[in-house]
Amino acid sequence: MARKKIALIGGGQIGGVLAQLIALKQLGDVVMFDIIEDLPQGKTLDIAEASRVDGFDVNVTGTNNYKDISGADLVIITAGLPRKPGMSRDDLLTTNAKIMKTVAENVKQYAPDSIVIIISNPLDAMVTLFQKVSGFSHNRVMGQAGMLDSSRFATFIAWELGVSVKDVNAMVLGGHGDTMVPLIRYANVNSIPVMEMLERKYKDAAKAKEVINAMVERTKMAGGEVIKLLKTGSAYYSPASSAVTMAEAILLDEKRLLPVCAYLNGEFNVKGFYVGVPAVLGSSGVERIVELSLNNEEQAALDNSVKAVKGLVEDMKRLGL
Ligand code: APR
């Protein structure tokens, strides 16, 4: 079986970690594209020169020519500017939309059969734009956001409860912005509801609620928390790990059920928009959306998040994109 080809569009902070993780996992040959001359060549040379120590046999190369992504099976896009302290993801819209349009045109031309994972922000709008410009079927275009938001939520829960994060299941739905919806009711530690564990810990339902609400708020603001500390850019290790998990599910046809920014056609009462929901990922990309029952409060929170996504899509239309 021929090795898979994975194209990374954007060779910045996230792009570099993506290339290294893909090589370590030997998911396929990596071609990193960036508009900055020599940057992707230098980064990939550095990674490739660790092949002996890390023991990987895949090729990792860099380019400034879109032609080199020809025939890619999977494309992961991080092209665009990251946030600076004080900026919201939405502040990146105009700049990154212009970049995404060019990226989509080139991916359409050179990797017309690929499955595409987008990481660039504002995420939901960038995924929408990429699909529109490329004309790729919706199942082949998705965004990474929920994997990371859910991982952040699970990490905070593990720290709070003093249990291994491996046993924590937590999911965040909705758009990748301040309106995202961490699902408290479904969060569990190896099937024990997180709320029950918090109530036992604090022996006080009100206190337990206060603690979970603080974790929900921290999850929503987690990207900003990292930016404030880094000062020069935004998170990159965790978004890269999250996207590689999605890539692995697709390339190995794992049928994993993960939170994915996927196109909804009536599911969760949303029609015609990309929003974060549980979905099964396999060799066809987003193979199906998995619905779950939401109570009134959760549905209202999701509706509110969808409203924010719709607002961004409207803004793009106004900009003629
Ligand atoms: N085509 C290809 N690459 C581009 C283009 C373009 N038109 N414009 C910019 N880039 C490249 C930059 O040269 C840079 O190397 O995209 C890369 C982005 O890397 P960083 O600035 O390091 O940003 P990073 O932290 O990797 O985040 C990328 O993901 O999470 C989001 O908000 C984040 O939108 C940002 C994106």
Side-chain angles (χ1 to χ4, degrees), residues 7-22 31-44 46-47 62-69 72 75-111 116-130 133-134 142-149 151-152 175-178 180 221-244 246 261 276 312 316 321:
L8 305 178
I9 312 297
Q13 298 283 60
I14 302 177
V17 185
L18 283 172
Q20 190 180 29
L21 289 174
I22 292 167
V31 178
M32 177 193 284
F33 171 92
D34 202 288
I35 47 166
I36 300 178
E37 220 169 287
D38 292 340
L39 172 76
Q41 290 86 343
K43 244 182 213 192
T44 51
D46 189 12
I47 293 168
T63 183
N64 304 115
N65 188 343
Y66 268 112
K67 235 177 152 178
D68 295 326
I69 72 159
V75 178
I76 307 180
I77 303 171
T78 59
L81 302 191
R83 285 193 282 168
K84 300 239 160 53
M87 281 173 91
S88 79
R89 291 184 182 88
D90 301 355
D91 292 337
L92 299 170
L93 185 72
T94 317
T95 324
N96 284 357
K98 285 184 191 142
I99 295 172
M100 189 55 65
K101 201 161 171 265
T102 323
V103 171
E105 284 159 358
N106 282 287
V107 171
K108 181 183 179 178
Q109 181 173 352
Y110 294 105
V116 181
I117 302 173
I118 293 154
I119 307 182
S120 312
N121 276 313
L123 195 268
D124 311 272
M126 291 304 104
V127 179
T128 306
L129 182 62
F130 182 97
V133 175
S134 67
M142 71 197 84
Q144 184 302 116
M147 279 297 296
L148 172 55
D149 297 328
S151 178
R152 284 170 166 159
H176 189 47
D178 302 347
M180 68 179 75
M221 298 300 157
E225 188 181 352
V226 173
I227 292 169
K228 214 166 148 201
L229 293 165
L230 294 180
K231 297 182 182 70
T232 52
S234 53
Y236 53 100
Y237 294 109
S238 53
S241 293
S242 302
V244 168
M246 293 167 69
C261 174
L312 277 179
M316 277 199 304
L321 293 156

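Indexing begins at 1, ligand by ligand and atom by atom, following the structure's order.
- Heavy-atom contacts of Leu39 reach the following atoms of ligand 1: 15 (O) (cutoff under 4.0 Å).
- Taking each heavy atom of Ile117 and Ala243 in turn, the nearest pair found is CD1-O, 4.0 Å.
- Put simply, CE on Met126 and CG on Leu92 are 8.5 Å apart, with the number rounded to the nearest 0.5 Å.
- In terms of protein heavy-atom proximity, atom 3 (N) of ligand 1 is nearest to Ala79 CB, 3.4 Å.
- Neither the backbone nor the side chain of Thr102 has a heavy atom within less than 4.0 Å of ligand 1.
- Heavy-atom minimum distance, His176 versus Asp149: ND1-OD2, 2.8 Å.
- For ligand 1, the polar-atom distance check finds no N/O of Tyr236 at less than 3.5 Å from any of the ligand's N/O atoms.
- Considering every non-hydrogen atom in both Thr44 and Gly62, the closest pair reads OG1-N, 3.0 Å.
- The closest donor-acceptor contact from the side chain of Ser120 to the backbone of Ala79 lies under 3.5 Å.
- The shortest non-hydrogen separation linking Leu123 to Asn121 is N-OD1, 3.1 Å.
- Those atoms of ligand 1 with a heavy atom of Gly80 less than 4.0 angstrom away are 9 (C), 10 (N), 16 (O), 18 (C).
- At distances below 3.5 Å, at least one donor-acceptor pair connects side-chain atoms of Asn96 with backbone N or O atoms of Leu81.
- Nearest heavy atoms, Lys228 versus Lys231: O-CG, 3.4 Å.
- Distances shorter than 4.0 angstrom occur between a heavy atom of Ser120 and an atom of ligand 1.
- Ligand 1 has no nitrogen or oxygen under 3.5 angstrom from a nitrogen or oxygen of Gly10.
- Close contacts of ligand 1 with Asn96, meaning ligand atoms under 4.0 Å from a residue heavy atom, involve 34 (O).
- Residues meeting the side chain to side chain contact (heavy atoms under 4.5 Å, CB included) test with Leu39, sequence neighbours left out: Asp34, Ile36, Lys43.
- The single protein non-hydrogen atom nearest to atom 22 (O) of ligand 1 is Gln13 N, 2.8 Å, given as residue, atom name and distance.
- The backbone and the side chain of Ile14 each have at least one atom closer than 4.0 Å to an atom of ligand 1 (non-hydrogen atoms only).
- Proximity to Phe33 (heavy-atom distance under 4.0 Å) selects the following atoms of ligand 1: 1 (N), 2 (C).
- Closest to atom 1 (N) of ligand 1 among all protein heavy atoms lies Ile35 CG2, 3.7 Å.
- Nearest protein heavy-atom contact of atom 28 (C) of ligand 1 is Thr78 O, 3.0 Å.
- The option from Pro82, Gly12, Ala243 that lies nearest to atom 23 (O) of ligand 1, judged by heavy atoms, is Pro82.
- With Thr78 as reference, Ile14 is the one residue of Ile9, Leu8, Ile14 to meet the side-chain contact (heavy atoms from CB on, under 4.5 Å) rule.
- Nearest protein heavy-atom contact of atom 7 (N) of ligand 1 is Ile99 CG2, 3.4 Å.
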Inset, instruction - Step by step, work out the side chain to side chain contact (heavy atoms under 4.5 Å, CB included) result for Leu321 and Leu129. - result: CA-CA 8 Å; Leu321 293 156; Leu129 182 62; 4.2 Å; yes
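- Contact atoms of ligand 1 toward Ile36: 13 (O) (distance under 4.0 Å to a heavy atom of the residue).
- Closest to atom 35 (C) of ligand 1, if we only count protein heavy atoms, is Leu81 O, 3.3 Å.
- Between Ile47 and Ala19 the shortest heavy-atom distance is CD1-CB, 3.6 Å.
- The protein heavy atom nearest to atom 13 (O) of ligand 1 is Asp34 OD1, 2.7 Å.
- Closest protein heavy atom to atom 32 (O) of ligand 1: Asn121 ND2, 3.0 Å.
- Considering backbone and side-chain atoms together, Arg83 places no N or O closer than 3.5 Å to any N or O of ligand 1.
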